[in-house]
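First comes the structure, then the notes that go with it.
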Amino acid sequence: MELKDLKIYNSLSGEKVKFIPVQEGFVGLYVCGPTVYSNVHLGNCRSFISFDLVYRYLTYIGYKVRYVRNITDVGHLVDDADDGEDKISKKARLEQLEPMEIVQQYTLDFHKVMDQFNSIPPNIEPTATGHIIEQIEMILTILDNGFAYESNGSVYFDVEKYNETHPYGELSGRKIEDLISNTRDLDGQDEKRAPLDFALWKNASDEHLMKWPSPWGLGFPGWHLECSAMSTKYLGEEFDIHGGGMDLKFPHHECEIAQGTASNGKAPVRYWMHGNMLTLNGKKMSKSTGNSILPEELFSGVNDFMEKPFDPMVVRFFMMQAHYRSTLDFTSDALLAAEKGYDKLAEAIKTSTNLKISKESSLNIQDLVASFYAAMNDDFNAPILVANLFEAVKFINSVKDGSQTVSKEDLELLQTEMNAFVQDVLGLRQGNPSGDDKLSPVMDLVLDLRQEARENKDWTTSDKIRDGLATAGIVVKDSKEGTSWN
RNA sequence: GGUCCUGUGGCCGAGCGGCUAGGCAAAGGUCUGCAAAACCUUGUACAGCGGUUCGAAUCCGCUCGGGACCUCCA
């Protein structure tokens, strides 16, 4: 498949455009990672899973991808009224823990959840605290270039100065005049020359736990700087794709563009990609209103929203049925529907390994397979891919029923590509239900006994076995070729 | 208040000027000891009201919902 066919919606231009990497055959991908001061919630996960899909597809079509996703462990300000105490140190004091203990705890939780979702770890997962020196160096460069100023041990980015030569607000479609007129009066703004200016380095108060020495005294890096410093370090001054949630567009990503441009002289990112939000029962997820659910709660079924527990792969499949730029609503009914669809897909993949071969195919398999690529090449349109995969499901089942035929070569092609798109691209880990080596022989025996009963028309016994297995969660299906179970 | 996105059949969700995805649910049928599964058939949806057009779910305006950002946030 031709790599050049891929189109990506670039948030910067607001258009779907052909993807052309800086260096042919290679892709630099940076995604804003989590702030590890609490458990990742489902909305965070959707965003990371969206970019996992991007990473997987780019890799699948042959790009060598360097995927960088940071861990924000410095913490951000809780609000402007609490004199610079950051989120992580606040929680630490509450729980009587070292800040880095909090970081460790929630980083582990994050990794565990992403693993449950079968999300591939990034190639580099840098931490903000591990790149204080790089951040300080970047601040020095921005100061040298005249786009920042020091004030009482803090350093601020001079937005208006920057705007004289570069369009601040180009990503989020904002005009600097509007921003100025909309800025609220906040505490602690007196150090800044203008309310729009943002911190590159903040002077730390005595109570502040996480702080580092710098040319401006003890302090900590500003909210937006880590991504600029780390993406530059690992992907270069100009790289291909930067991803994140919609809510990061302004000010976070806008500031990244400004910082990168102010220090390197050119815009840091070619393609900006933004994933959309998640809603729960039609309303936005919010911890404060209680309209929120943790991945573990979804998997365990211990929550107030869902009728039953859902497998992480079902949740992932559900997410894949919506485009990453659309909002997605989580409801019990929707998950239930996704679960059935997912089972049907998985079942058909198993069926495909045991089909009767014919001389010719009654369907153009190459076209079908091409439709998988076409869907993904169109700005990673996973829902279309899923729809096309279900066309294949229908075909496979029809071949099984004898109403369609498939040739050896076509079946091999279809199997290879379906497996690749389901497992490698969509990241849907196919479990092996019959892979339990101890259970398989037992099931063979039990089904053998049931078959004997059926042959003797002893329906009482055969149904007893079937119902009993159903209670244990094993579904028995009879067909002409024999009895299967899962 | 400002900036922007969005509203699709019972449910979830693609499409985004003509050729009317897909999944789930529903109804009828085939198969089957019964069931399950599978297959076949059926259902003409695009918030409301105007407008542009030969033609609109798709473009424009207004109204009414939902959401994002403007402050840490995926």
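For the numbers below, each heavy atom of this structure counts, side chains included, while hydrogens, waters and symmetry mates do not. Residue numbers begin at 1 in each chain, while the letters A, B, ... track the order of the sequences. All of these numbers come straight from a predicted model, not from anything done at the bench.
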Open item on the list: I need the CZ-P distance between F372(A) and A21(B), as an integer number of Å.
Closed with: 19 Å
Task: Sugar-phosphate, base or nothing in reach of H274(A), heavy atoms under 4.0 Å - done: nothing
TODO: Could you please name the option among G33(B), A68(B), G23(B) that lies closest to any side-chain atom of D247(A)?
DONE: A68(B)
Open item on the list: Show, in sequence, the C-alpha distance, side-chain angles and deciding distance for Y30(A) and F51(A), and conclude whether the side-chain contact (heavy atoms from CB on, under 4.5 Å) test is met.
Closed with: CA-CA 9 Å; Y30(A) 188 93; F51(A) 290 106; over 6 Å; no
Task: A25(B) OP1/OP2 closer than 4.0 Å to side-chain N/O of K340(A) - done: yes
Task: Sugar-phosphate, base or nothing in reach of A334(A), heavy atoms under 4.0 Å - done: sugar-phosphate
Task: Phosphate OP1/OP2 of G15(B) contacted by N381(A) side-chain N/O (<4.0 Å) - done: yes
Task: Options C11(B), A21(B), C34(B), nucleotide nearest the side-chain atoms of D478(A) - done: C34(B)
Task: Spacing of N388(A) atom CG relative to G23(B) atom C1', expressed in whole Å - done: 13 Å
TODO: Figure out the CZ/P separation between F395(A) and A38(B), and round it to whole Å.
DONE: 17 Å
- [ ] Would you indicate what E339(A) reaches in the nucleic acid, counting non-hydrogen atoms under 4.0 angstrom: base, sugar-phosphate, or nothing?
- [x] nothing
Task: Closest listed nucleotide, where the reference is the side chain of F390(A) and the choices are G23(B), A38(B), A36(B) - done: G23(B)
Open item on the list: Counting only side-chain heavy atoms from C-beta out, which of C72(B), A74(B), C39(B) sits nearest to D401(A)?
Closed with: C39(B)
TODO: Assign D329(A) to base, sugar-phosphate, or nothing according to its heavy-atom contacts below 4.0 angstrom with the strands shown.
DONE: sugar-phosphate
Open item on the list: I'd like the P distance from U8(B) over to A45(B), given in whole Å.
Closed with: 14 Å
Task: RNA chain B: 5'-proximal contact among A338(A) and C32(A) (nearest heavy atom) - done: A338(A)
Task: Separation between the C1' atoms of G67(B) and A74(B), rounded to whole Å - done: 15 Å
Open item on the list: Tell me which nucleotide, if any, is Watson-Crick or G-U wobble paired with A38(B) when both distances must be under 3.5 Å.
Closed with: U30(B)
Open item on the list: Checking base pairs now: Watson-Crick or wobble, both atom distances under 3.5 Å. What partners C16(B)?
Closed with: none
- [ ] Look at the side chain of W223(A) and decide which nucleotide, out of C72(B), A38(B), C12(B), has an atom nearest to it.
- [x] C72(B)
Open item on the list: So if I take every side-chain heavy atom of R466(A) and compare against A14(B), A35(B), C12(B), which nucleotide ends up nearest?
Closed with: A35(B)
Open item on the list: Under 4.0 Å from OP1 or OP2 of A14(B): is there any side-chain N or O of S326(A) that close?
Closed with: yes
Open item on the list: Considering every strand and a 4.0 Å limit on heavy-atom distances, what is the contact class for F318(A): base, sugar-phosphate, or nothing?
Closed with: sugar-phosphate
Task: OP1 or OP2 of G22(B) under 4.0 Å from side-chain N/O of K344(A) - done: no
TODO: Please work out if K394(A) contacts a base, only the sugar-phosphate, or nothing of the nucleic acid, heavy-atom cut-off 4.0 Å.
DONE: sugar-phosphate
Open item on the list: Check whether T471(A) reaches the backbone of D467(A) with its side chain - one donor and one acceptor, N or O, closer than 3.5 Å.
Closed with: yes
TODO: Figure out the CG/C1' separation between L447(A) and A36(B), and round it to whole Å.
DONE: 14 Å
- [ ] Report yes if a side-chain nitrogen or oxygen of N44(A) is closer than 4.0 Å to either non-bridging phosphate oxygen (OP1 or OP2) of A74(B); otherwise report no.
- [x] yes
- [ ] If the plane angle is over 60° it's perpendicular, under 30° parallel, otherwise tilted; pick one for Y342(A) and F317(A).
- [x] tilted
TODO: Examine distances only and state if a side-chain atom of D329(A) and a backbone atom of N281(A) form a donor-acceptor pair shorter than 3.5 Å.
DONE: yes
- [ ] Send over the distance from E254(A) CD to C4(B) C1', rounded to a whole Å.
- [x] 13 Å
TODO: Identify whether any heavy atom of G275(A) sits under 4.0 Å from a base atom; if not, whether one sits that close to sugar-phosphate; answer base, sugar-phosphate or nothing.
DONE: nothing
Task: Separation between the C1' atoms of C31(B) and A37(B), rounded to whole Å - done: 11 Å
Open item on the list: Would you measure the distance from the P atom in A57(B) across to the matching atom in C16(B) and give it in whole Å?
Closed with: 15 Å
Task: Out of A38(B), A14(B), G2(B), whichever nucleotide has its closest atom nearest the side chain of R174(A) - done: G2(B)
Task: Integer-rounded Å distance: A35(B) P and W459(A) CH2 - done: 12 Å
Task: Closest to side chain of R454(A), choosing from A36(B), G33(B), C24(B) - done: G33(B)
Open item on the list: Rounded to whole Å, how long is the line connecting atom CG of D379(A) with atom P of A14(B)?
Closed with: 12 Å
TODO: Name the nucleic acid region contacted by D463(A), choosing base, sugar-phosphate or nothing; use a 4.0 angstrom heavy-atom cut-off, strictly under.
DONE: base
Open item on the list: Measuring only the P atom in each nucleotide, how far is U58(B) from C49(B)? A whole number of Å is fine.
Closed with: 13 Å
Open item on the list: Please evaluate residues N39(A) and Y106(A) with respect to the criterion side-chain contact (heavy atoms from CB on, under 4.5 Å), reporting the C-alpha separation (whole Å), side-chain torsions for both, the decisive distance (0.1 Å), and the verdict.
Closed with: CA-CA 6 Å; N39(A) 295 299; Y106(A) 292 116; 3.6 Å; yes
- [ ] Select from F330(A) and S398(A) the residue whose nearest nucleotide in RNA chain B is closer to the 5' end of that strand.
- [x] F330(A)
Open item on the list: Please check this pair: side chain of N70(A) against backbone of G33(A), looking for a donor-acceptor N/O pair closer than 3.5 Å.
Closed with: yes
- [ ] Return the nucleotide paired to U52(B): Watson-Crick means purine N1 to pyrimidine N3 with N6-O4 or O6-N4, wobble means G-U with N1-O2 and O6-N3, both under 3.5 Å.
- [x] none
Open item on the list: Can you check the distance between A14(B) and C24(B), where both ends of the measurement are the C1' atom (answer in whole Å)?
Closed with: 15 Å
Open item on the list: In whole Å, measure the gap between the P atoms of C4(B) and U63(B) for me.
Closed with: 16 Å
TODO: Hey, could you give me the NZ/CD1 distance between K211(A) and I132(A), rounded to the nearest 0.5 Å?
DONE: 13.5 Å
Open item on the list: The side chain of H41(A) is closest to which nucleotide in this list: A74(B), G33(B), C39(B)?
Closed with: A74(B)
TODO: For L328(A), answer base if it contacts any base atom (sugar-phosphate contacts may also be present), sugar-phosphate if it contacts only those atoms, and nothing otherwise; contact means non-hydrogen atoms under 4.0 Å.
DONE: sugar-phosphate
Task: Residue R450(A), side-chain heavy atoms: nucleotide from A21(B), G33(B), A74(B) that is nearest - done: G33(B)
Task: Inter-nucleotide P distance (G43(B), G7(B)), Å rounded - done: 26 Å
TODO: Using a heavy-atom cut-off of under 4.0 Å over every strand shown, decide if V476(A) touches base, sugar-phosphate, or nothing.
DONE: base
Open item on the list: Going by purine N1 to pyrimidine N3 plus the second Watson-Crick contact, or the G-U wobble pair, all under 3.5 Å, which nucleotide sits opposite U44(B)?
Closed with: none
Task: N/O donor-acceptor pair under 3.5 Å between N303(A) side chain and E297(A) backbone - done: yes
Task: Whole-Å gap separating C1' (U6(B)) and CE (M246(A)) - done: 10 Å
Task: E391(A) and K394(A) ion-paired at < 4.0 Å - done: no
Task: Strand partner of U58(B), provided both Watson-Crick or wobble distances fall under 3.5 Å - done: none
Open item on the list: Strictly below 4.0 Å, N to O, side chains only: are K340(A) and D343(A) in salt-bridge contact?
Closed with: no
